[in-house]
Amino acid sequence: MQWTLVIPLKPLERAKSRLAATTGDTLRPGLALAFAQDTVAAALACSAVRDVVVVTDDSTAGRELAVLGARIVGDEPAGGLNAALAHGAAAVRAERPRTAVAALNADLPALRPMELARVLGNAAEFPRSFLPDAAGIGTTLLSAASGRELRPAFGTASRSRHTASGAVELGLDGVDSVRQDVDTGEDLRAALALGVGPRTATAAARLLIAD
């Protein structure tokens, strides 16, 4: 099964606000962009991924991610994360109604294509499924097979909300790079320990220099 991934991204000036305590507001937008670039690049390198749609209204992010090969869709609903994901999935299905879609976080800088392929391979066995984040509270990936609605419920305690929605939790080991999203300084250190992509590595080096 080939998947279309839908990745939401806030305007960079507002993205990753919880990282401000670690990065400051000057470096934070650039780090958020680097996360998204490494996430998109790894996703496009995955054998199970047909294409990537990024939902964003940030012109800089849109330009940089389009260069990598992502299709950019404007966040027309402007109603938050779940509305953006539903809009992106609808845009995909308007052109290819039977396409399998999966929502993926934009802050997975350590993402490995082979680990993502393993997650998507398991997701293909279920109508809807999700992968919990490293903290075990949130969600980093939500899938909907052909003919199924995505029904995203991201946000606080999304693991329990996706379970309540009927999505099957994917209990996989060895896919840490797909689970390690970055919201805090501790998350960033965990991602760096896994090994991040080149853009995040460069941005993190600037952070160390600034310190």
Side-chain angles (χ1 to χ4, degrees), residues 5-46 49 52-70 72 75 81 84-85 102-119 131-141 154-156 158 172-211:
L5 302 187
V6 180
I7 298 178
L9 182 62
K10 289 181 181 179
L12 296 176
E13 289 300 321
R14 295 193 285 109
K16 300 288 105 187
S17 58
R18 291 169 60 191
L19 268 178
T22 301
T23 66
D25 283 330
T26 301
L27 296 177
R28 177 181 48 78
L31 200 57
L33 176 58
F35 293 166
Q37 288 174 302
D38 285 335
T39 300
V40 167
L44 287 168
C46 175
V49 173
V52 170
V53 169
V54 175
V55 183
T56 187
D57 276 340
D58 191 286
S59 58
T60 298
R63 182 177 62 252
E64 295 298 328
L65 297 173
V67 167
L68 295 176
I72 308 302
D75 185 7
L81 176 60
L85 286 168
L104 184 71
N105 288 10
D107 58 350
L108 300 170
L111 186 63
R112 303 282 191 274
M114 290 183 65
E115 291 184 14
L116 178 59
R118 183 169 172 234
V119 172
L131 186 73
D133 64 8
I137 299 170
T139 304
T140 58
L141 182 144
F154 285 83
T156 305
S158 64
L172 297 172
D173 295 323
V175 292
D176 293 348
S177 76
V178 196
R179 298 183 63 191
Q180 186 59 67
D181 54 354
V182 178
D183 289 316
T184 66
E186 183 178 351
D187 295 336
L188 178 56
R189 287 187 286 274
L192 290 169
L194 286 174
V196 295
R199 297 163 189 85
T200 301
T202 298
R206 294 193 192 103
L207 177 61
L208 293 173
I209 291 170
D211 287 345

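Only heavy atoms go into these numbers, but all of them, side chains included; no hydrogens, no water, no symmetry mates. By convention here, the first residue in the shown sequence is residue 1.
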On a heavy-atom basis, which atom in [X] and which in [Y] lie closest, and how many Å separate them?
| X | Y | result |
| --- | --- | --- |
| Val196 | Ala201 | CG2-N, 3.7 Å |
| Ala204 | Leu31 | N-CD1, 4.0 Å |
| Ala203 | Ala34 | CB-CB, 4.0 Å |
| Leu44 | Ala70 | CD1-N, 4.1 Å |

Set of residues satisfying side-chain hydrogen bond (donor to acceptor under 3.5 Å, both in side chains) with respect to [X], sequence neighbours excluded:
| X | value |
| --- | --- |
| Ser158 | Thr139 |
| Ser177 | Glu115 |
| Glu64 | none |
| Thr184 | Asp187 |

Could you walk me through whether Asp58 and Leu33 satisfy the side-chain contact (heavy atoms from CB on, under 4.5 Å) test, starting with their C-alpha distance in whole Å, then the side-chain angles of each, then the deciding distance to 0.1 Å, before giving a yes or no?
CA-CA 10 Å; Asp58 191 286; Leu33 176 58; over 6 Å; no
Just jot down the side-chain contact (heavy atoms from CB on, under 4.5 Å) partners of [X], sequence neighbours excluded, or say none.
| X | value |
| --- | --- |
| Asp133 | Ala135, Thr140, Asp181 |
| Val119 | Leu131, Leu141, Leu170, Leu172, Val175, Val178 |
| Ala106 | Ile7, Leu9, Ala36 |
| Leu81 | Pro8, Leu85, Phe154 |

Rounded distance (nearest 0.5 Å) linking atom [atom1] of [X] with atom [atom2] of [Y]:
| X | Y | atom1 | atom2 | answer |
| --- | --- | --- | --- | --- |
| Leu65 | Thr56 | CG | OG1 | 7.5 Å |
| Arg63 | Leu68 | CZ | CG | 12.0 Å |
| Lys10 | Asp75 | NZ | CG | 11.0 Å |
| Arg179 | Asp173 | CZ | CG | 8.0 Å |

Applied to residues 24-46, the side-chain hydrogen bond (donor to acceptor under 3.5 Å, both in side chains) test, sequence neighbours excluded, yields Asp25-Arg28, Asp38-Arg199, Asp38-Thr200
Side-chain donor-acceptor distances from residues 12-19 under 3.5 Å, at least two apart:
{"residue": "Lys16", "atom": "NZ", "partner": "Asp107", "partner atom": "OD2", "Å": "2.6"}
{"residue": "Lys16", "atom": "NZ", "partner": "Val182", "partner atom": "O", "Å": "2.9"}
{"residue": "Lys16", "atom": "NZ", "partner": "Asp183", "partner atom": "OD1", "Å": "2.7"}

